[in-house]
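Below, all heavy atoms of this structure are taken into account, side chains as well, without hydrogens, waters or symmetry copies.
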Amino acid sequence: MSDIRQTRLGFAPWADPRTRRLPGTIPVAPKDWLLTDDAFGGQMALRDDLILRAPDRVHRLDAAASPAAVELYDRVLALLPARGHRIADGMATRPDGVSIDLNRDAPLLTLGRLVAEDLCLMLPGPTAEHVLAGAILCFPSGWSLHQKFMRPMMRIHEPVAAYGNQLGTRVQRLLDGVRSDQGLMRGTAHYSAVPLHNPRTEEQSHDIDGPLPFIRVERQCLFRLPLTGAVVFSIHTSVIRPADLTPDQSAALARFPIHRAA
């Protein structure tokens, strides 16, 4: 298990009745999209290592999604100064003091070293469904980017029993209706004992073996890019000990238990 953990959880999806049930969403403004929390430095060091050492494991970008990736790069860069980044002379210095070369020709790889969120680009496919056409994905929770790349939404979630046709239709409606000036936020949570970087294929076992001492939370946001029309699906991952939850979060967890996962 990774020793990179949060000591505070800003978003507990089980504690809010609006996000407790799938696909439960609440509005989120662009200024509240990206997070910098107490695990930022540790998470970014791991992201740096993955992106520099094994970029093919964490990055995919179809040519059709390249304009959207550049638009996302420009949009995120505009948000960074308010998140504690210093930008000057072609460099961005993160809140943890690490400076990164700004490279608009490698938009997702650069963004992956600037923010803690994983970023996925969804484009309309040949049918009504959106497909995963680009991503920087350093912290997958039991799925494989190379296997899911260029799949439509229902095929991305095919192994998830709760993701049936009715729910899939509702999620597709969310993708169709999401706006650029106001996004949507939802969350998932489960007990876990695996590293932050936990890619698994559909063929690999997902059986649980041994104790699961931590809670893994994904804060997921959807925004539309106004110029290309692509939908950005971002994932901010938190790993926390149950003992570090607030009393209100612990009380809600006792009333609304979360599931166990590897």
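The line from OG1 of Thr25 to CZ of Arg186 is 8.5 Å long, rounded to the nearest 0.5 Å. Between atom CH2 of residue Trp143 and atom CG of residue Leu137 there is a gap of 4.5 Å, rounded to the nearest 0.5 Å. Note that CG of Leu111 is 11.5 Å distant from CG of Asp118, once rounded to the nearest 0.5 Å. Taken from CD1 in Ile136 to CG in Leu121, the straight-line distance is 11.0 Å, to the nearest 0.5 Å.
Side-chain contact check for Leu34 versus Glu117: some heavy-atom pair is nearer than 4.5 Å. Arg8 is not listed as a side-chain neighbour of Asp244, based on a closest heavy-atom distance of 4.5 Å or more. Looking only at side-chain heavy atoms (C-beta outward), Leu245 and Leu9 come within less than 4.5 Å of each other. Between Met150 and Asp62, some side-chain heavy-atom pair lies under the 4.5 Å cut-off. Between Val58 and Leu145 the shortest side-chain heavy-atom distance does not fall below 4.5 Å. The shortest side-chain heavy-atom distance between Val217 and Pro13 falls under the 4.5 Å cut-off. Counting heavy atoms from C-beta on, the side chains of Lys31 and Leu79 never come closer than 4.5 Å. Looking only at side-chain heavy atoms (C-beta outward), Phe139 and Leu46 come within less than 4.5 Å of each other.
Hydrophobic clustering (side-chain heavy atoms under 4.5 Å, transitive across Ile, Leu, Val, Met, Phe, Trp, Tyr) keeps Leu35 apart from Ile235. Transitive grouping of hydrophobic side chains (ILVMFWY, heavy atoms separated by less than 4.5 Å) brings Leu80 and Val98 into a common cluster. Leu50 and Leu61 fall within the same hydrophobic cluster, where Ile, Leu, Val, Met, Phe, Trp and Tyr residues are linked whenever their side-chain heavy atoms come under 4.5 Å apart, directly or through other members. Cluster annotation: Leu123 is not connected to Phe149 through the hydrophobic network of ILVMFWY side chains, with a link wherever side-chain heavy atoms come within less than 4.5 Å. Note on Leu77 and Leu119: same hydrophobic cluster, where clusters join Ile, Leu, Val, Met, Phe, Trp and Tyr whose side-chain heavy atoms are under 4.5 Å apart, directly or indirectly.
Pairing each heavy atom of Pro30 with each of Arg75, the nearest pair is CG-NH2, 3.6 Å. Listed here is the closest heavy atom pair of Leu102 and Ala92: CD2-CB, 3.7 Å. Nearest heavy atom pair, residue Tyr191 against residue Pro242, reads CE2-CG, 4.3 Å. The two residues Ala230 and Ala68 make their nearest non-hydrogen contact at CB-CB, 3.6 Å. Here the closest non-hydrogen pair linking Arg216 and Leu196 is NH2-O, 2.9 Å. In terms of heavy-atom proximity, Arg94 sits nearest to Ile100 at NH1-CD1, 3.8 Å.
Taking the six-membered ring where the residue is Trp, Phe40 and His85 present perpendicular rings, their angle passing 60° and hence far from 30°.
Between the Arg224 side chain and the Gly229 main chain, a donor and an acceptor come within less than 3.5 Å of each other. Without hydrogens or angle criteria, Arg219 side chain to His236 main chain gives no donor-acceptor distance under 3.5 Å. Between the side chain of Asp16 and the backbone N or O of Arg18, at least one donor-acceptor pair lies under 3.5 Å. A donor-acceptor pair under 3.5 Å is formed between the side chain of Arg151 and the backbone N or O of Gln147.
Checking Asp38 against Thr7 by side-chain atom types alone, a donor-acceptor pair falls below 3.5 Å. No hydrogens or angles considered: a donor-acceptor pair under 3.5 Å links the side chains of Arg57 and His197. Ser99 and Thr93 are linked by a side-chain donor-acceptor pair at a separation below 3.5 angstrom, with hydrogens and angles left out of the test. In the model, Glu71 has a side-chain atom that pairs as donor or acceptor with a side-chain atom of Thr228 under 3.5 Å. Checking Asp37 against Gln6 by side-chain atom types alone, a donor-acceptor pair falls below 3.5 Å.
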*Step-by-step salt bridge (Lys or Arg N to Asp or Glu O under 4.0 Å) determination, Arg104 to Asp74*: CA-CA 8 Å; Arg104 199 166 181 260; Asp74 291 339; 2.7 Å; yes
*Could you go step by step and tell me if Arg53 and Asp48 meet the salt bridge (Lys or Arg N to Asp or Glu O under 4.0 Å) rule?*
CA-CA 8 Å; Arg53 178 174 51 84; Asp48 288 342; over 6 Å; no
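At most 12 non-hydrogen atoms from other residues, nucleotides or ligands lie less than 6.0 angstrom from CZ of Arg255.
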